[in-house]
Amino acid sequence: PTGSFKDRGMTLAVSKALQDGARAVICASTGNTAASAAAYAARAGLPAVVLQPEGAVASGKLAQSQALGAKVLAVRGSFDDALRASQELAGRGDYALVNSVNEFRLEGQKTVAFEIIEELGRVPDLVALPYGGGGNSTAVFRGFRDAGEGLPRLMPAQAQHRATTLASAIRISEPVHADEVAEALESCGGGIVTVPDDEVIVAWQELAALEGLFCEPSSAAGVAALKQEQLEPGTVVVCVITGHGLKDPDTAAKHSPAPIPVDPDADSIARAAG
Ligand code: F0G
């Protein structure tokens with residue numbers, strides 16, 4: 001409903017917060033978790049406080065959190081600083097923390113694996129996906145493990161320069177699930193792939209131009225990682241595309257051709273259209 005993969009886990013986390021009598025929910029976010037928390041909290045009748053690194057959140061996500069009635073706090077610091085602060089505040093008791101350190105987020109999120117198996121009729125050989133904090137990689141692993149039909153090789157794709165990547169959704173220096181991701185990779189024989197920003201942008205453009213899929217740049221990290229792999233023909237691969245392109249219209253505009261001004265007559269239009 002909010003245009004990113006976060007909803008799958010958030011609906012469960014907010015339902016459980018409501019059931020447990022939470023007064024409000026809180027999260028730190030690069031934008032998508034915040035928008036999702038804001039939406040589900042609104043529906044549950046709970047206040048939401050969302051902490052976002054100041055000036056580092058894509059405009060579509062920010063607009064969502066604002067419009068959905070969350071209290072949006074612009075933290076003078078990184079996502080990692082914001083997460084630490086929200087964990088500390090939640091520890092004092094008044095807020096339910098709905099970041100992916102909340103187990104219910106992962107339990108909801110893992111259903112993506114069930115859906116993949118259902119859609120394909122089998123476990124894929126390989127699953128590639130962006131790696132920020134690692135909640136999604138952990139949840140996807142758990143889903144396949146719990147489905148009990150075998151494990152795909154996981155390929156979490158992280159930005160080469162985590163702290164400064166243009167893929168702002170995964171601009172996270174200290175992945176909170178790093179140990180769980182390492183364990184998951186040991187079980188399934190996968191490996192983390194590091195992708196530079198220019199390759200993420202190429203993958204992002206190709207998803208749009210060749211598949212008609214307009215996602216936010218971070219979402220294409222898994223595709224960029226796959227391009228570094230030598231795949232056997234016939235390998236069944238799933239790339240999880242994690243967020244809609246309208247989340248980050250400014251980056252999209254910056255990396256796309258500008259509109260061509262044209263007079264409203266057929267000849268100049270034909271010339272400009274090439
Ligand atoms: N893709 C998108 C579009 C995201 O928003 C995120 C994380 C990821 C991938 C990475 O997932 O952190 O579970 O490894 N966004 C978080 C947020 C950090 O606050 O919205 P991860």
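Numbering of ligands and ligand atoms starts at 1, following listing order. Keep in mind the model is a prediction, meaning the values are calculated, not measured.
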Open item on the list: Could you measure the distance from the SG atom of C215 to the NE2 atom of H244? Nearest 0.5 Å is fine.
Closed with: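 The distance works out to 9.5 Å.
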Under a 4.0 Å heavy-atom limit, does [X] contact ligand 1 with its side chain, its backbone, both, or neither?
X: K61; answer: neither
X: I172; answer: side chain
X: K6; answer: side chain

- [ ] Check the side chains of Q64 and K247 for a donor-acceptor pair under 3.5 angstrom, ignoring hydrogens and angles.
- [x]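 A donor-acceptor contact under 3.5 Å links the two side chains.
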Task: Distance-only polar pair, side chains of D197 and Q160, donor-acceptor under 3.5 Å - done: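 The criterion, which ignores hydrogens and geometry beyond distance, is not satisfied for Q160 and D197.
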Would you say [X] has any N or O atom under 3.5 Å from an N or O of ligand 1, going by distance alone?
X: G132; answer: yes
X: T242; answer: yes
X: G134; answer: yes

[X] neighbourhood, listing ligand 1 atoms whose heavy-atom distance to it stays under 4.0 Å:
X: I170; result: 8 (C), 9 (C), 10 (C)
X: S29; result: 17 (C), 19 (O), 20 (O)
X: G135; result: 13 (O), 14 (O), 21 (P)
X: A169; result: 2 (C), 3 (C), 4 (C), 5 (O), 7 (C), 15 (N), 18 (C)
X: T30; result: 15 (N), 16 (C), 17 (C), 18 (C), 19 (O), 20 (O)
X: E216; result: 3 (C)
X: T33; result: 16 (C), 17 (C), 19 (O), 20 (O)

Provide, to 0.1 Å, the distance between [atom] and the closest protein heavy atom, together with that atom's residue and name.
atom: atom 12 (O) of ligand 1; result: G133 N, 2.8 Å
atom: atom 11 (O) of ligand 1; result: F5 CZ, 3.5 Å
atom: atom 5 (O) of ligand 1; result: N32 ND2, 2.8 Å
atom: atom 13 (O) of ligand 1; result: N136 N, 2.8 Å

Task: Backbone N/O of H161 and side chain of T165: donor-acceptor pair under 3.5 Å - done: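 Judged by distance alone, no pair lies under 3.5 Å.
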Task: Row check, Y95 ring normal vs R23 NZ/CZ: under 6.0 Å, within 45° - done: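 Positive - R23 is close enough to the ring of Y95 and near enough to its axis.
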Task: Cation over ring face, R162 and Y131, 6.0 Å, 45° - done: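 R162 over Y131 ring: yes.
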Open item on the list: Tell me the closest heavy-atom pair linking R171 and T164, and the distance in Å.
Closed with: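 That would be NE-C, 3.9 Å.
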Open item on the list: Could you check whether any side-chain heavy atom of Q52 comes within less than 4.5 Å of a side-chain heavy atom of T30, counting everything from C-beta outward?
Closed with: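 No - every pair of side-chain heavy atoms lies 4.5 Å or more apart.
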Open item on the list: Do L97 and S86 make a side-chain contact, defined as non-hydrogen atoms from C-beta onward lying under 4.5 Å apart?
Closed with: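 In contact.
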Task: Carboxylate-amine/guanidinium proximity below 4.0 Å for E88 and R84 - done: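 No, E88 and R84 are not salt-bridged.
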Task: Residues D125 and R122 bridged, charged N to O under 4.0 Å - done: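 Here D125 pairs with R122 in a salt bridge, since their nearest N and O are under 4.0 Å apart.
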Task: Close approach of S4 to ligand 1, heavy atoms, under 4.0 angstrom - done: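 Not so, S4 does not reach ligand 1.
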